[in-house]
Number of protein chains: 2
Amino acid sequence: MTAGERSTDNGIECAGCPARAQSFCGAIPGRGLEALSRSRQLIQFYRRQTIVCQGAPAVSFFNVVSGIVKLYRSLSDGRTQIIGFCFPGDFFATSETDKYSTTAEAVTFVETCRFPRSRLKRLAHQFPELQTSLMERSFRHAAILEDQLVLLGRMTARERIVRFLLRYGAGPEDTKASAGRHIHLPMTRTDIADFLGLTSETVSRVLTSLARENLITVSVSHSVRLINVELLRRISCK
Amino acid sequence: MTAGERSTDNGIECAGCPARAQSFCGAIPGRGLEALSRSRQLIQFYRRQTIVCQGAPAVSFFNVVSGIVKLYRSLSDGRTQIIGFCFPGDFFATSETDKYSTTAEAVTFVETCRFPRSRLKRLAHQFPELQTSLMERSFRHAAILEDQLVLLGRMTARERIVRFLLRYGAGPEDTKASAGRHIHLPMTRTDIADFLGLTSETVSRVLTSLARENLITVSVSHSVRLINVELLRRISCK
DNA sequence: CGTGATATTGAATTGCATCAAGCTAAGTGG
DNA sequence: CCACTTAGCTTGATGCAATTCAATATCACG
């Protein structure tokens, strides 16, 4: 265990896990849960703490129980691109190679389950219902990455930021629903920029310009409220 | 069958398929091949022909036997982003939703195997060795998409184009090896641009500038030769 | 209340896009 | 076999969105 991470007692059983419904392990039937509880370690990380490091030997993968994790890749000159944010129920550091391809860092305080890397394959082998669910998950994941390719390759700064706000702030597709609700964005402006292929200055500028046009309000920097969701959706295009 | 596509007789058995070694079906053991042969249709497409259309009901998925397919998404105003090129052994149009999320179009004359969409899940269920291979494939695929995110989000036009040339023209990682070899690029400049998040003009300009610096030669527009692979690798960074 | 980190705002710069010609190569039909 | 057409490619001139550099402003936390 590297300095700073915290392993809590594993007394908590998987059966009672609040994240289980959204997690890959949700597909594991009850009879498998006890074994699962034994093969995982519950590990916590503080904000800014690195969980796994790009290029390091891939020994474990993780499931997010609570909090937000960012996955990113860095170029040698410091440019970084965030690949995605992981929320409760997402798993990460599932590499097919023997090295981690991305760095994972806690954006907030994070609780994770850690498993040996080989375990996923074994579990899938053991439980066919998990295997199906993993396949669905991977197709869904690929679709999200494809969305992001379009965003990075072809969208303007404004479109990118509006999409980001809608993605993380609006109920999926059902117009209206989410207008006026507060969105808490625990990541920094630089994080958002590194996710959207922009600079933090541009993120700032676009947010204030959206606020000037009464499409959103930014109370404190980590809290945004969507005002005109309809118009925002139109801006984010498709 | 839509107008223009060509279904050849299915007499050719999967057992003798030249693309099988690199394909998902390569993981299916001999005993399953006869059934596989029966469940697929061999379908050919001519250059520029649309294979499946973004938004259309997802009924089939395809495996490339020969030729190159491009997958792309279009925005309503015509901006398009190519998600990737599929080569022999790649499969595409595997959607988790009931609509295709990308359009697939033949870049060259293409031979494909078409399967009913539900078949993949059934096959995976039937053959555990396929299931493992699919999982590996999906992780590898995700890693490629992540690479492309970094490229689109953080790289300059020159870096993008050099990476593209190295990716499709150089043997994997083994420096030297591939210097001087001809690379045939059947896609248009616009295709390359749509893949790299650029315009065709920029692709042209960068290629001629690389040629002026004696890093590559461009004989006819679809044929490029890498001269200084070492330096190209340095430009493409990491 | 002070200090360092984060965010905003402004001004200047630039890399790539856009617009606009020409150029080239591959058909096509007389 | 050669003008004519057309699609794709190259090259140049100009514009602009986003970056870069720089100067505050604001926030979070001891």
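Naming: A, B, ... by sequence-line order, numbering from 1 per chain.
For the pair A:Arg79 and B:Glu159, the salt-bridge criterion is met [side-chain N within less than 4.0 Å of a carboxylate O]. For the pair B:Arg154 and A:Asp194, the salt-bridge criterion is met [side-chain N within less than 4.0 Å of a carboxylate O]. The existence of a salt bridge linking B:Arg73 and A:Asp147 is confirmed by a sub-4.0 Å separation between a basic side-chain nitrogen and an acidic carboxylate oxygen.
Using modelled atom types, one finds no donor on one side chain facing an acceptor on the other under 3.5 Å when comparing A:His184 with A:Ser223. Side-chain contact check for A:Ser209 and A:Arg158: at least one donor-acceptor pair (N or O, by modelled atom type) lies under 3.5 Å. Between the side chains of A:Arg160 and A:Gln148, not a single donor N or O lies within less than 3.5 Å of an accepting N or O. Side chain to side chain, A:Gln54 and A:Thr102 fail the donor-acceptor criterion of an N or O pair below 3.5 Å.
With rounding to whole Å, A:Arg158 atom CZ is found 18 Å from D:dT19 atom C1'. In this structure, B:Arg79 places its CZ atom 13 Å from P of D:dA17, rounding to the nearest Å. Rounded to whole Å, atom P of D:dA18 lies 12 Å from atom CG of A:Leu196. Rounded to an integer number of Å, the gap from CG of B:Asp191 to P of D:dG8 is 9 Å.
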Evaluate side-chain contact (heavy atoms from CB on, under 4.5 Å) for A:Arg48 paired with A:Glu105, printing each intermediate quantity in order. CA-CA 6 Å; A:Arg48 295 290 158 101; A:Glu105 187 187 305; 3.7 Å; yes

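Contact annotation for A:Thr156: backbone-only contact, meaning every heavy-atom pair under 4.0 Å involves sugar-phosphate atoms and none involves a base. Within 4.0 Å (heavy atoms only), B:Thr199 reaches at least one base atom of the nucleic acid.
Between the A:Thr208 side chain and the A:Ser204 main chain, a donor and an acceptor come within less than 3.5 Å of each other.
At the phosphate of D:dG8, OP1 or OP2 sits under 4.0 Å from a side-chain N or O atom of B:Arg48. Close to D:dC9, at under 4.0 Å from its OP1 or OP2, lies a side-chain N or O of B:His222.
Computed from C1' positions of five pairs at each end, the angle between the two local axes of the helix from C:dC1-D:dG30 to C:dG30-D:dC1 equals 40°, rounded to 10 degrees.
You can see that DNA chain C meets the heavy atoms of chain B within a 4.0 Å-exclusive cut from C:dC16 to C:dC19, reading 5' to 3'.
The 5' end of DNA chain D is approached more closely, in terms of each residue's nearest nucleotide, by B:Arg189 than by the other of A:Leu198 and B:Arg189.
Within residues 202-219 of chain B, the residues having any heavy atom under 4.0 Å from DNA chain C are, by residue number, B:Thr202, B:Arg205.
A distance of 6.0 Å or more separates the ring centres of B:Tyr72 and B:Phe85. For an aromatic pair to be called close, the ring centres must be under 6.0 Å apart, and A:Phe61 with A:Phe92 fails this.
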